[in-house]
Amino acid sequence: MPRANRRRPQGPRGDLGRSMQGMVRTESHADGDWLVRTVRGNDSGKAYRCPGCQQEVPASAPHVVAWPADGLGGLAERRHWHTPCWRARHRRTPRGSWK
């Protein structure tokens with residue numbers, strides 16, 4: 001007996017924002033070139049400290065991860081920023097332990 005052809009259910013099409021998540025881009029600023037990745041957020045429960053405002057960045061919130069493009073620092077140089085704080089870096093310098 002031949003198999004019946006069944007159509008596969010089509011799930012939702014991927015949106016551009018979701019497909020761009022995890023992609024690393026290079027940004028040039030007055031303080032050098034930076035590798036930047038937009039993070040949508042996750043359920044890891046880990047919180048980070050934003051170097052721009054010194055406030056907590058919950059892991060579940062969308063944010064930006066940035067590190068120097070020269071590659072000398074490695075994972076230790078990655079910092080999690082609030083997205084507005086990262087955009088305002090030109091007029092607000094990093095504070096706290098990361099300068």
Side-chain angles (χ1 to χ4, degrees):
M1 176 180 218
R3 286 178 35 176
N5 274 342
R6 293 185 196 159
R7 286 191 167 185
R8 292 184 183 184
Q10 288 188 338
R13 300 257 183 206
D15 62 283
L16 183 60
R18 186 172 183 169
S19 63
M20 290 290 289
Q21 181 199 357
M23 294 182 69
V24 178
R25 64 188 181 276
T26 303
E27 293 186 12
S28 295
H29 295 277
D31 58 349
D33 292 336
W34 295 86
L35 296 174
V36 180
R37 182 179 61 182
T38 301
V39 179
R40 194 170 43 142
N42 59 44
D43 295 330
S44 71
K46 190 172 182 180
Y48 305 98
R49 183 75 48 194
C50 174
C53 67
Q54 289 300 306
Q55 298 297 312
E56 187 175 287
V57 180
S60 60
H63 59 280
V64 171
V65 179
W67 61 99
D70 60 15
L72 298 176
L75 293 177
E77 291 296 314
R78 288 191 317 180
R79 295 296 181 263
H80 296 253
W81 292 72
H82 292 109
T83 303
C85 292
W86 177 254
R87 289 184 188 138
R89 286 180 67 246
H90 65 280
R91 64 176 186 266
R92 181 165 52 177
T93 59
R95 297 182 283 194
S97 63
W98 190 55
K99 294 182 181 183

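The salt bridge (Lys or Arg N to Asp or Glu O under 4.0 Å) search around Glu27 returns Arg25, not counting sequence neighbours. For Ser28, the side-chain contact (heavy atoms from CB on, under 4.5 Å) test picks out Asp33, with sequence neighbours left out. The side-chain contact (heavy atoms from CB on, under 4.5 Å) check on Pro58 picks up Ser60, Ala61, with sequence neighbours excluded. In this structure His80 satisfies the ring pair (Phe, Tyr, Trp, His ring centres under 6.0 Å) test together with Tyr48, His63, sequence neighbours excluded.
In terms of modelled atom types and a separation under 3.5 Å, the side chain of Arg79 and the main chain of Ala66 share no donor-acceptor contact.
A single hydrophobic cluster is not seen to contain both Val57 and Val36; linkage of ILVMFWY side chains at heavy-atom distances under 4.5 Å, directly or through other members, places them apart.
When Val24, Asp70, Val65 are each tested for a side chain to side chain contact (heavy atoms under 4.5 Å, CB included) with Leu35, only one passes: Val24.
The minimum heavy-atom distance linking Gly52 with Cys85 is given by the pair CA-CB, 4.4 Å.
Of the inter-residue distances, the one linking Glu77 atom CD with Trp34 atom CH2 reads 7.5 Å to the nearest 0.5 angstrom. Remark: Arg49 CZ to Glu56 CD distance equals 6.0 Å, nearest 0.5 Å. Atoms CH2 and NE2, from Trp86 and His29 in turn, are 4.5 Å apart once rounded to the nearest 0.5 Å.
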